[in-house]
Amino acid sequence: MNQYSNLKKMIELAEEAWTAASSNGLTHIRTRYTEGSQLVTGTGHEFINMCSCSYLGLDKHPAIIQGAIDALTEEKVVILPTSRTRIGLSLLDETETDLRRLFQAEAIVTLSCAAASSGMLPLIASGALSQQEKPLMIFDRYAHFSMNHLKSGCGDETDILTCPHNDLAWIETELKKANGRPVFYIADGAYSMGGYTPIEDLKVLQEKYGLYLYFDDSHSISMYGNQGVGFVRSSYDTLHPRTIIVASLGKAFGATGGLVLLGDPKMRRAIEIYGGPLGWSQTANVPALGAIRASVRIHESDELVTLQRKLAGIMNTFDELIPTENALNNLPIRVVDLNDAERAIEASAEIYRRGFYTSAVFFPIVARGRAGLRVMGRADLAHEDIAAFCRAVADFQ
Ligand SMILES: *Cc1c(COP(=O)(O)O)cnc(C)c1O
């Protein structure tokens with residue numbers, strides 16, 4: 001038992017900190033948006049959300065909301081409740097055509113990014129995407145939960161290894177040992193706690209050994225690269241036939257749903273038929289598809305460049321005032337180290353009273369022994385607000 005994960009132990013280790021976070025009023029906060037991008041609770045506490053994944057502020061973009069409304073008005077249904085393997089709305093194809101144009105790669109829309117990985121990783125384990133030969137699957141130790149938790153399902157099909165974070169020498173040793181057997185490396189493109197995958201070095205291994213790469217790039221899509229194609233996609237001129245990217249369209253992209261990008265369009269058929277929830281669950285619904293199409297148009301316009309620059313400006317202000325490990329790394333995520341969970345929770349609670357919600361992070365969100373505040377910048381913040389937020393954070397450093 002527990003070869004690949006141990007949820008019971010994880011719950012036991014995390015429970016104390018979550019209980020403390022809850023009793024400090026930091027969980028299950030329910031709100032509405034105010035006229036602007038502030039939030040307000042039922043008891044009238046107004047605050048700025050400093051842990052929104054809508055890094056460009058697109059969640060409030062009128063054109064995206066209108067896109068959702070227009071799609072509903074036109075189709076007059078929320079869903080076509082049949083497996084897409086058999087029947088789907090033409091709108092689904094139209095949306096995927098838009099995404100193919102934006103990302104210059106084969107594109108599949110999914111219900112969410114978590115659903116994409118739930119379908120993709122066991123399929124990869126089966127060998128269906130590597131000429132029917134079961135691959136060795138190497139997961140980066142820091143790969144997102146949405147991939148890590150599938151190790152046990154994959155491990156019933158094939159061999160699974162977990163490698164130290166970004167350890168290229170370790171991966172190359174395994175590639176040599178694999179001796180021609182297909183190998184998949186599974187990782188985040190940009191990590192949700194900051195930092196990147198060493199993409200250029202991995203591409204060298206890809207050329208040398210035929211390494212397959214599977215990246216979740218949810219934390220760089222939209223805010224990184226030309227037209228917001230993300231960190232991994234923008235590192236390739238043409239997406240390599242052995243590279244797969246998944247991402248959430250419900251974060252910086254400002255819509256909802258998930259995305260699979262393929263360098264090899266021939267993989268598509270197996271994914272659509274055998275990709276578990278990608279076939280048996282609903283795909284993104286009609287308003288989601290309308291929102292995605294509207295967001296693609298924004299990504300193709302100059303407005304995206306303006307929003308990316310605004311975000312960079314906000315992050316510069318933050319980095320000047322609060323030094324952190326990931327300062328100036330071109331991504332809007334920072335972790336302010338505060339050593340222990342109790343102190344992180346106390347800081348988060350006080351900062352919330354001062355009008356900013358920033359999440360206290362502790363094990364298992366971050367490695368055991370670490371704790372702090374996770375800060376996420378947004379293009380639609382005012383410079384005065386980020387400055388006031390930094391003053392509040394500085395009181396706890
Ligand atoms: C949030 C997140 C997900 C989940 O995305 P959904 O579309 O909400 O399922 C997956 N991977 C990473 C890295 C994330 O940060």
Side-chain angles (χ1 to χ4, degrees), residues 5 49-56 58-59 64 68 95-96 99 103 107-122 124 139-151 153-154 165-166 185-197 199 213-225 228-233 243-261 271 275-278 280-285 287-289 291-292 295-296 326 329 331-335 358-359 361 364-367 374-378:
S5 65
N49 183 3
M50 296 301 300
C51 65
S52 164
C53 297
S54 180
Y55 304 105
L56 298 178
L58 290 180
D59 57 328
I64 295 181
T95 308
E96 289 181 345
L99 289 164
F103 288 98
I108 303 175
V109 171
T110 63
L111 184 61
S112 67
C113 181
S117 279
S118 303
M120 293 294 294
L121 292 176
I124 286 169
F139 286 72
D140 190 278
R141 201 164 95 75
Y142 288 0
H144 190 259
F145 209 166
S146 58
M147 298 179 282
N148 261 338
H149 88 109
L150 295 159
K151 278 182 194 168
C154 296
H165 182 50
N166 284 351
Y185 174 61
I186 293 118
D188 294 19
Y191 282 83
S192 57
M193 291 296 148
Y196 297 97
T197 196
I199 186 68
L213 295 170
Y214 181 97
F215 294 112
D216 180 338
D217 220 1
S218 294
H219 283 286
S220 78
I221 291 284
S222 302
M223 60 273 194
Y224 192 102
V229 296
F231 176 66
V232 175
R233 180 65 194 89
T243 300
I244 298 170
I245 301 169
V246 297
S248 178
L249 298 178
K251 294 189 171 169
F253 205 79
T256 175
L259 173 68
V260 180
L261 295 173
I271 296 166
L278 309 189
W280 77 54
S281 289
Q282 296 304 315
T283 186
N285 61 32
L289 295 173
I292 292 167
S295 182
V296 168
N326 288 306
N329 80 345
L331 280 176
I333 304 166
R334 303 284 183 270
V335 177
T358 174
S359 45
V361 290
I365 310 166
V366 291
R374 179 156 76 146
V375 177
M376 293 146 97
R378 250 182 18 244

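Remember, it's 1-based here, ligands and their atoms both numbered in the order they're listed. Each residue takes its place number in the sequence, starting with 1.
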Report summary line: In ligand 1, the atoms that come under 4.0 Å of a heavy atom of His219 are 13 (C), 14 (C), 15 (O)
**Report entry** Part of Ser146 within contact of ligand 1 (heavy atoms, under 4.0 Å)
**Finding:** side chain
**Report entry** Side-chain donor or acceptor of Thr283 paired with backbone N/O of Val109 under 3.5 Å
**Finding:** yes
Requested in this report: Report, in ascending order of atom number, the atoms of ligand 1 lying under 4.0 Å from any heavy atom of Ser112.
Outcome: 6 (P), 7 (O), 9 (O)
**Report entry** atom 5 (O) of ligand 1 - nearest protein heavy atom and its distance
**Finding:** Cys113 CB, 3.4 Å
Report task. Look at the side chain of Arg374 and the backbone N and O of Ser192, then say whether any donor-acceptor pair between them is shorter than 3.5 Å. Result -> yes
Report summary line: The reported gap from CG in Leu121 to CE in Met147 (rounded to nearest 0.5 angstrom) is 7.5 Å
Query raised in the report: Counting from 1, what ligand 1 atoms have a heavy atom of Asp216 closer than 4.0 Å?
Result: 10 (C), 11 (N), 12 (C), 13 (C)
Query raised in the report: For His219 and Tyr55, does a side-chain donor sit closer than 3.5 Å to a side-chain acceptor?
Result: yes
Query raised in the report: So, does Lys251 sit close enough to ligand 1 that a heavy atom of it is under 4.0 Å from the ligand?
Result: yes
Requested in this report: Enumerate the atoms of ligand 1 whose separation from the nearest heavy atom of Ser218 is less than 4.0 angstrom.
Outcome: 10 (C), 11 (N), 12 (C), 13 (C), 14 (C)
Query raised in the report: For atom 9 (O) of ligand 1, which candidate among Ala190, Ala114, Cys53, Ala284 holds the nearest heavy atom?
Result: Ala114
Report task. Provide the closest heavy-atom pair for Asp59 versus Ser54 in the form atom of the first, atom of the second, distance. Result -> OD1-OG, 2.7 Å
Report summary line: The residue among Tyr196, Tyr142, Phe139 that forms ring-ring contact (aromatic ring centres under 6.0 Å, His included) with His165 is Tyr142
Query raised in the report: Knowing that exactly one of Ile245, Val246, Leu261 qualifies, which makes a side-chain contact (heavy atoms from CB on, under 4.5 Å) with Asp217?
Result: Ile245
Report task. For atom 8 (O) of ligand 1, find the nearest protein heavy atom and state the residue, atom name and distance (0.1 Å precision). Result -> Ser248 OG, 4.0 Å
